[in-house]
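Working notes for the structure below.
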Protein chains: 2
Amino acid sequence: MEKKKTSPNISKNFMNHNHELCVESSLKDFKQHFIEKELKLTPLRLKVFQLLLKDHRPLGAYQILDLLRKDGFSSTPPIAYRVLDFLIEHGFVHKIKKLNAFVACSHPGNSHSPTFMICRKCEKVAEINEKESGLKFNKETSSEFKIEEAIIEFIGICKNCIKLEVI
Amino acid sequence: MEKKKTSPNISKNFMNHNHELCVESSLKDFKQHFIEKELKLTPLRLKVFQLLLKDHRPLGAYQILDLLRKDGFSSTPPIAYRVLDFLIEHGFVHKIKKLNAFVACSHPGNSHSPTFMICRKCEKVAEINEKESGLKFNKETSSEFKIEEAIIEFIGICKNCIKLEVI
DNA sequence: TAAGTCAATGTTATATTATAACATTACTAC
DNA sequence: GTAGTAATGTTATAATATAACATTGACTTA
Ligand SMILES: [Zn+2]
Ligand SMILES: [Zn+2]
Ligand SMILES: [Zn+2]
Ligand SMILES: [Zn+2]
């Protein structure tokens with residue numbers, strides 16, 4: 001049986017989609033990158049990543065701690081922040097500055113400067129890569145300033161929530 | 001005596017420039033907008049804005065409070081946050097999410113989604129408008145998501161700090 | 001296997017950033 | 001002058017994040 005290779009869709013996270021498949025695929029990538037990079041996949045790291053995969057909504061550090069507590073993990077602030085730092089450093093998680101919250105990366109394993117779309121209504125987030133976003137800034141600017149990191153977050157309303165508003 | 005009208009320069013804030021003129025001009029604009037919009041220019045609002053004009057470096061709320069204290073103003077947190085909220089709401093100040101800090105707006109009076117360049121070495125910040133930044137994102141993306149607000153911050157190293165590093 | 005080492009996690013305490021809720025002041029309008 | 005209102009003052013606390021040190025457990029190596 002051949003797997004369907006769907007083209008990347010900016011709106012996927014906001015719309016109905018096969019989220020089980022979505023999680024499964026992310027998790028597989030996640031584990032694969034740990035193997036390739038010879039990182040240690042501990043229960044805590046796996047658990048935090050799984051929490052972040054739940055529904056494309058970012059989680060705050062203290063929300064994560066609450067969920068860890070329920071699952072019998074230790075749950076003092078450094079636990080969450082350390083694991084998040086690790087996952088961010090290795091490109092598995094991003095922080096959404098607008099929300100002081102964290103999301104699982106959609107293109108894990110590669111360090112990159114992602115662009116986020118944040119729906120203020122359903123609170124879901126989609127990460128889009130440079131090609132999809134079509135974001136460009138002019139050459140002159142680059143010569144004036146050597147960019148090392150970019151924070152790009154668009155806040156607005158998603159296709160699905162627009163549709164619901166119209167009804 | 002005729003005033004020189006310099007064209008907007010992305011790097012100005014990072015380089016040597018006539019900062020006295022820079023402050024004077026910003027302050028004049030600031031006051032003018034209060035008159036035009038019939039806002040109340042209180043000593044506190046003026047003071048906070050002046051603090052933010054000092055040297056193109058963002059200030060945290062608690063730094064502002066320390067400076068207010070030194071000048072005999074009340075200095076409990078809500079004082080700073082309320083004035084900052086007011087100044088942000090009316091487009092005189094922006095918050096830099098990367099730094100949890102605040103800067104005076106370079107194009108005050110108009111609500112807009114600015115782009116920031118943040119030098120990690122000298123810690124100065126420059127705001128550039130949409131025309132200067134050359135930032136564009138493709139139409140397809142826009143139809144997928146209705147953008148209402150954009151957070152765009154580039155972190156890197158400025159022209160002046162690059163120069164100093166090379167020496 | 002015993003001792004050493006190191007990364008990961010656990011724990012306590014505290015720093016930093018931000019807001020809620022209510023009190024007072026001072027200007028305006030009637 | 002009294003009432004209404006915007007601004008500021010005050011107290012308390014919420015929310016987010018880090019510092020510093022202790023313990024564990026896996027792996028090394030002698
Ligand atoms: Zn999904
Ligand atoms: Zn939505
Ligand atoms: Zn200047
Ligand atoms: Zn610099």
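Residue numbers start from 1 in every chain, and the chains themselves are labelled A, B, ... in the order their sequence lines are given, proteins ahead of strands. Everything quoted here is computed from the prediction, not taken from an experiment. Below, all heavy atoms of this structure are taken into account, side chains as well, without hydrogens, waters or symmetry copies.
- Comparing the helix axis at one end of the helix from C:dT1-D:dA30 to C:dC30-D:dG1 with that at the other, each defined from 5 consecutive pairs, gives an inter-axis angle of 10° (nearest 10°).
- Within the 4.5 Å cutoff, the side chain of B:Val125 has no heavy atoms near those of the B:Met117 side chain.
- The CZ atom of B:Phe86 sits 12 Å away from the P atom of D:dA6 (whole-angstrom rounding).
- Heavy-atom nearest nucleotides on DNA chain D were determined for B:Pro78 and for B:Leu39, and the one closer to the 5' end corresponds to B:Leu39.
- A:Tyr62 comes within 4.0 angstrom of a base, heavy atoms only.
- In 5' to 3' order, the nucleotides of DNA chain C bounding all contacts with chain A (an atom under 4.0 Å from a heavy atom) are C:dA8 to C:dT12.
- An OP1 or OP2 oxygen of D:dA17 is reached within less than 4.0 angstrom by a side-chain nitrogen or oxygen of A:Tyr81.
- Across all strands shown, A:Thr42 has heavy atoms under 4.0 Å from sugar-phosphate atoms exclusively, and none from any base.
- Both tests do not hold together for B:Lys95 against B:Tyr81: distance to the six-membered ring centre under 6.0 Å, angle to the ring axis within 45°.
- Between B:Phe34 and B:Phe86, the ring planes are tilted. Angles from 30° to 60° get that label.
- Here the C1' atom of nucleotide D:dG25 and the CG atom of A:Leu44 are 15 Å apart, to the nearest Å.
- A salt bridge is absent between A:Asp55 and A:Lys124: the closest approach of a Lys/Arg side-chain nitrogen to an acidic carboxylate oxygen does not fall below 4.0 angstrom.
- Between the CD1 atom of A:Ile88 and the P atom of D:dT18 there is a distance of 10 Å, rounded to whole Å.
- Counting non-hydrogen atoms under 4.0 angstrom, A:Ser74 reaches the backbone sugars and phosphates but no base.
- Residues B:Glu127 and B:Cys105 approach most closely at OE1-CA, 3.5 Å, considering heavy atoms.
- Distance, A:Glu38 CD to D:dC27 P: 14 Å, rounded to whole Å.
- Partners of A:Arg82 under the salt bridge (Lys or Arg N to Asp or Glu O under 4.0 Å) rule, at least two apart in sequence or in another chain, do not exist in this structure.
- Distance NE2 (B:His90) to C1' (D:dA7): 13 Å, rounded to an integer number of Å.
- For A:Lys54, the NZ atom sits in a loose shell: 12 or fewer heavy atoms of surrounding residues, nucleotides or ligands are nearer than 6.0 Å.
- A:Arg45 comes within contact range of the sugar-phosphate backbone alone, with a heavy-atom separation under 4.0 Å but no base atom that close.
- Spacing between atom CG of B:Asn100 and atom P of D:dT18 amounts to 10 Å, rounded to whole angstrom units.
- Taking atom CG of B:Leu65 as the reference point, atom C1' of D:dT8 lies 13 Å away to the nearest angstrom.
- In this pair, A:Phe30 and A:Phe49 present their aromatic rings parallel. The plane angle is below 30°, not in the 30 to 60° band.
- Ion pair B:Glu153/B:Lys97 not flagged as a salt bridge, since none of the NZ, NE, NH1 or NH2 atoms sits closer than 4.0 Å to an Asp/Glu carboxylate oxygen.
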